[in-house]
Amino acid sequence: GNKSINAKLVLLGDVGAGKSSLVLRFVKGQFVEFQESTIGAAFFSQTVAVNDATVKFEIWDTAGQERYHSLAPMYYRGAAAAIIVYDVTNQASFDRAKKWVEELKAQGNLNMVMALAGNKSDLLDAKKVVSEDAQTYAQANGLFFMETSAKTATNVNDLFYEIAKRLPRL
Ligand code: GDP
Ligand code: MG
């Protein structure tokens with residue numbers, strides 16, 4: 001029969017990487033050029049149908065600022081999935097993403113589904129982070145990797161769909 005799964009999902013990553021924009025694209029199908037900075041964290045929910053289940057994502061979009069770092073465990077603790085976002089035009093944001101992965105591996109759920117999202121893939125001319133490097137890093141650390149664009153919607157639904165497929169079936 002068709003199963004119903006509730007899954008807590010957290011987005012982590014540098015300020016400006018596009019976490020809120022990915023959520024806005026996924027939940028409302030919208031994009032804004034001047035997305036306001038997230039304060040603390042924001043909550044959203046959205047449902048995805050995969051072949052054998054309906055997954056209701058309970059999404060925590062975190063701020064990313066260092067001064068909110070101590071709050072992060074509240075959002076990733078108990079999470080079934082995490083999306084670690086970096087900006088493909090910003091090498092420092094990729095380094096920051098790796099730090100989040102380390103923290104999740106040390107403190108998060110053992111069977112958490114982790115996705116690495118290289119966002120702003122529409123900005124081809126400004127690209128700094130080589131896809132192969134991110135792919136290699138993701139594979140070595142048990143994440144799956146996608147390049148996304150919240151602006152053009154490229155790979156955004158696919159990202160959540162791939163997570164839904166990978167969640168453990170109860
Ligand atoms: P957050 O701090 O990680 O939540 O990042 P935001 O979602 O607030 O996005 C930061 C800025 O990047 C905003 O001005 C967005 O409009 C822009 N942005 C987000 N995603 C994309 C994208 O895929 N492509 C482009 N070109 N800009 C994006
Ligand atoms: Mg935000």
Side-chain angles (χ1 to χ4, degrees), residues 7-46 48 57-77 79-105 107-108 112-135 137-138 141 143-164:
K8 179 177 170 184
L9 179 150
V10 63
L11 286 101
L12 298 166
D14 227 348
V15 182
K19 299 176 295 299
S20 299
S21 297
L22 286 170
V23 175
L24 183 67
R25 171 61 76 188
F26 175 57
V27 173
K28 297 192 180 145
Q30 297 171 357
F31 176 78
V32 292
E33 289 286 348
F34 302 100
Q35 176 63 35
E36 280 177 38
S37 236
T38 309
I39 297 168
F43 179 80
F44 302 85
S45 83
Q46 178 65 296
V48 172
F57 283 116
E58 294 155 354
I59 302 168
W60 285 101
D61 171 23
T62 65
Q65 281 101 333
E66 261 324 303
R67 69 188 135 111
Y68 297 117
H69 191 156
S70 62
L71 299 180
M74 287 205 310
Y75 302 107
Y76 65 66
R77 218 169 272 148
I83 302 174
I84 299 99
V85 184
Y86 69 91
D87 170 352
V88 298
T89 72
N90 180 336
Q91 182 66 42
S93 76
F94 182 52
D95 298 337
R96 187 74 191 89
K98 292 179 182 175
K99 294 259 186 274
W100 279 118
V101 172
E102 291 313 310
E103 181 165 341
L104 288 178
K105 284 169 73 177
Q107 315 281 343
M112 187 186 278
V113 176
M114 288 197 278
L116 180 66
N119 190 46
K120 309 195 188 181
S121 64
D122 57 287
L123 299 176
L124 294 172
D125 294 341
K127 187 164 178 177
K128 296 272 163 34
V129 181
V130 179
S131 308
E132 288 71 25
D133 292 350
Q135 174 65 61
Y137 175 79
N141 288 277
L143 290 81
F144 77 92
F145 169 63
M146 275 192 180
E147 288 184 332
T148 59
S149 170
K151 183 169 183 172
T152 65
T154 304
N155 277 345
V156 177
N157 286 346
D158 298 42
L159 175 67
F160 286 88
Y161 185 79
E162 285 301 319
I163 292 170

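Read the numbers this way: they start at 1 and go in the same order the structure lists the ligands and their atoms.
Side chain of Thr62 to main chain of Leu11: a donor-acceptor pair is present (N/O by atom type, distance under 3.5 Å, no hydrogens or angles). Lys19 places no side-chain N or O within donor-acceptor distance of the main-chain N or O of Val85, the cut-off being under 3.5 Å.
Checking Thr89, Asn155, Thr148 one by one against Asn119, the side-chain hydrogen bond (donor to acceptor under 3.5 Å, both in side chains) holds for a single residue, Thr148.
Metal site remark for the Mg ion (ligand 2): Thr38 contributes an N, O or S atom at a distance under 2.8 Å. Because the distance cut-off is set at 2.8 Å, Ser20 qualifies as a neighbour of the Mg ion (ligand 2) through one of its N, O or S atoms.
Protein residues with a heavy atom closer than 4.0 Å to ligand 1 are Asp14, Val15, Gly16, Ala17, Gly18, Lys19, Ser20, Ser21, Phe31, Val32, Glu33, Gln35, Asn119, Lys120, Asp122, Leu123, Ser149, Ala150, Lys151, listed by chain and number.
Rounded to the nearest 0.5 angstrom, Leu12 CG and Lys99 NZ are separated by 15.0 Å. Separation of atoms CG (Asp133) and CD (Gln91) is listed at 8.0 Å; rounding is to 0.5 Å. For the atom pair CD of Gln35 and NZ of Lys151, the computed distance is 13.5 Å after rounding to the nearest 0.5 Å.
Between Phe57 and Phe160, the angle of the ring planes goes over 60°, which puts this pair in the perpendicular group of the 30/60° scheme.
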